[in-house]
Protein chains: 2
Amino acid sequence: MTEVAAKGVSVLLVDDHPIVRQGYRRVLESQGDLHVVAEADNAADAYSAFKAHDPDVVVMDISMPGASGLEAIRNIRARNPRARILVFTMHNEAVLVKAAFGAGASGFVTKSSEPSAVVKAIRSVNRGERAMSDDIAHVLAEDSLSPSGSVLDQLGEREIEILRQFAGGATTEQIASHLNLSVKTVQNYHYLIKAKTGARTDAQLVRLAATCGLTKI
Amino acid sequence: MTEVAAKGVSVLLVDDHPIVRQGYRRVLESQGDLHVVAEADNAADAYSAFKAHDPDVVVMDISMPGASGLEAIRNIRARNPRARILVFTMHNEAVLVKAAFGAGASGFVTKSSEPSAVVKAIRSVNRGERAMSDDIAHVLAEDSLSPSGSVLDQLGEREIEILRQFAGGATTEQIASHLNLSVKTVQNYHYLIKAKTGARTDAQLVRLAATCGLTKI
DNA sequence: TCCGGCTTGGGAAATTTGCCCGAGCCGCCC
DNA sequence: GGGCGGCTCGGGCAAATTTCCCAAGCCGGA
């Protein structure tokens, strides 16, 4: 380790919108102790940039085109398990939050947060603490989270298969027919999957399946 | 015209994410001639701020909670038909672009654009010109060439907005609350959208919205 | 062996869907 | 002006689905 820590916190910014990155950079650098050492606009570049710059904190929007942001988190953590990744996105669904923490994120802050809260979260994760914005804490609290890993890890084979077909656009009858199950059973799985993943809506389920790479859109 | 240029361009920033506004403000003000005179995080406040400050250019993200951004555009234009409004959003669906220009926007720039392109667009609309980013021009060009048109072209403004929120993971109650509609109306729109697009499943609807660029996953 | 999890479905109440309807409003065309 | 068609907004009601509860068989592990 160099003396970088004493001089402040180095940050890798990952967001697919250039001007948004530009804005963050200015907000962060106006703090004095935060230094943006690199930017990336997709998952692959984020990984390359992480390897090249070894930043103290990665601030990442996980809703990017192309590869999943969750996958990027996993890749970075696989390379360096001590990496600090702060997810910074406008989404606030419990499923995504759990998936992000499950993938190895250290913090989750929504873009609805005040700049000061974001800066505070960056410093927190840099100290090795877990950080999340108030609205996320509220969402998780309501969801009464279970201490588990990746969202898909909670699902059995059948559940994953049914989720895949469902997210792919199949009707309940079609799934039942494909898998030789009763419609009732498929409905029960449907309900169970939502309960396990914390998805409140079919749409959230589809998004979950997509972000986890279970289905492509 | 020359006097205005000498004094700079006053800007009203409308975006529902505080830190995003903060970032834009810094980016714009670093240009020297652009001055952010007010900010707003919803359509109603945008209108109030416009009345209070009469800015040269309104830079607005149309994907905000509450009333439609398109509605805000119409309100502002109704008050002052010479108002210059630059839509600045991450969406790049042809339908949305056309709707925005139809509502009275002077420009449409995506957040994928370089900061320099955004700044250029602000100066353009301030001169009374129409402005759009390259990707938007591309989208519109392809759209005008396609004989069969997008599926979304069959949908009205309200239907598109409801589809967008639904595909984004919002529940029926949340959508009804956001748009000040009864749950029943949202349900009816839900059904109507499925009928119009031919989607048999909510999942298919989400995929449709995603492939049309209405929502990101 | 017994526990726990997966798989498969029944049942019943609550909710939503599917499709009908009408009313108000606005723009367009004759 | 008058009619026509569209979008918007919601009521109504039967049919379907969702939401939970439950049980039973199976299988792997402690």
Side-chain angles (χ1 to χ4, degrees), chain A residues 94 142-144 146-167 169-206, chain B residues 43 66-71 73-75 77-78 95-96 98-100 102-104 149 151-167 169-206:
Chain A
E142 277 190 358
D143 194 71
S144 69
S146 59
S148 66
S150 166
V151 186
L152 288 186
D153 288 345
Q154 312 170 44
L155 302 180
E157 284 302 314
R158 219 82 244 239
E159 289 161 343
I160 287 191
E161 181 57 28
I162 287 175
L163 173 56
R164 186 212 311 284
Q165 296 197 21
F166 170 76
T171 67
T172 304
E173 287 84 356
Q174 288 171 339
I175 298 175
S177 161
H178 289 156
L179 300 180
N180 272 105
L181 297 175
S182 77
V183 168
K184 181 65 188 171
T185 299
V186 176
Q187 289 175 336
N188 277 337
Y189 272 115
H190 190 346
Y191 166 73
L192 203 62
I193 293 167
K194 280 207 266 186
K196 280 192 177 182
T197 58
R200 315 239 290 98
T201 294
D202 284 353
Q204 292 180 12
L205 223 42
V206 176
Chain B
S68 163
L70 297 177
E71 202 49 41
I73 295 179
R74 269 189 221 98
N75 288 340
R77 294 279 293 190
V95 194
L96 264 189
K98 291 199 234 174
V151 194
L152 293 184
D153 287 342
Q154 314 168 44
L155 302 181
E157 192 179 294
R158 218 76 256 236
E159 290 161 343
I160 288 188
E161 179 59 25
I162 286 174
L163 172 57
R164 201 171 61 74
Q165 296 197 21
F166 169 76
T171 67
T172 303
E173 286 86 355
Q174 287 171 339
I175 298 175
S177 162
H178 288 157
L179 301 179
N180 271 104
L181 296 175
S182 77
V183 169
K184 180 64 186 172
T185 299
V186 176
Q187 288 175 337
N188 278 337
Y189 273 115
H190 190 345
Y191 165 73
L192 204 61
I193 293 167
K194 280 207 266 187
K196 279 192 178 182
T197 58
R200 315 240 294 92
T201 296
D202 284 355
Q204 293 179 13
L205 224 42
V206 175

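Letters A, B, ... are given to chains in the order of the sequence lines, protein chains preceding strands, and every chain is numbered from 1. Just so it is clear, the values below take in all heavy atoms, side chains as well, and ignore hydrogens, waters and symmetry mates.
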Let me check the geometry of the helix from C:dT1-D:dA30 to C:dC30-D:dG1. What is the bend angle between the axes at its two ends, five pairs each, to 10°? 30°

B:Val206 vs B:Phe166, test: side-chain contact (heavy atoms from CB on, under 4.5 Å). Steps then yes/no. CA-CA 8 Å; B:Val206 175; B:Phe166 169 76; 4.2 Å; yes

Within residues 180-188 of chain A, residues whose heavy atoms come under 4.0 Å of DNA chain D: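 Heavy-atom cutoff 4.0 Å gives A:Lys184, A:Gln187, A:Asn188.
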
If you measure from [atom1] on [X] to [atom2] on [Y], what distance do you get to the nearest 0.5 Å?
X        : Y        : atom1 : atom2 : result
B:Gln204 : A:Thr171 : CD    : OG1   : 8.0 Å
A:Gln187 : A:Glu173 : CD    : CD    : 8.0 Å
A:Thr197 : A:Leu155 : OG1   : CG    : 7.0 Å
B:Lys196 : B:Glu159 : NZ    : CD    : 3.5 Å

Using a strict threshold of under 4.0 Å (side-chain N to carboxylate O), is an ion pair present between B:Glu161 and B:Arg158?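 Here B:Arg158 does not pair with B:Glu161 in a salt bridge, since their nearest N and O are not under 4.0 Å apart.
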
Can you check whether A:Tyr191 has a side-chain N or O nearer than 4.0 Å to OP1 or OP2 of D:dC20?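 A:Tyr191 to D:dC20 OP1/OP2: side-chain N or O found under 4.0 Å.
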
Please output the side-chain donor-acceptor pairs of residues 179-186 of chain B that fall under 3.5 Å, not counting sequence neighbours, one pair per line with the distance.
unit_1, atom_1, unit_2, atom_2, d
B:Ser182, OG, B:Lys184, N, 3.4
B:Ser182, OG, B:Thr185, N, 3.1
B:Ser182, OG, B:Thr185, OG1, 3.0

If you define the side chain from C-beta out and look only at heavy atoms, does anything of B:His190 sit under 4.5 Å from B:Ile162? no

Closest to the A:Arg158 side chain: D:dT18, C:dT17, C:dT8?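 Taking heavy atoms from C-beta onward, the closest nucleotide is C:dT8.
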
Classify A:Glu173 by what it touches in the nucleic acid, base, sugar-phosphate, or nothing, heavy-atom distance under 4.0 Å.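 Touches sugar-phosphate only.
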
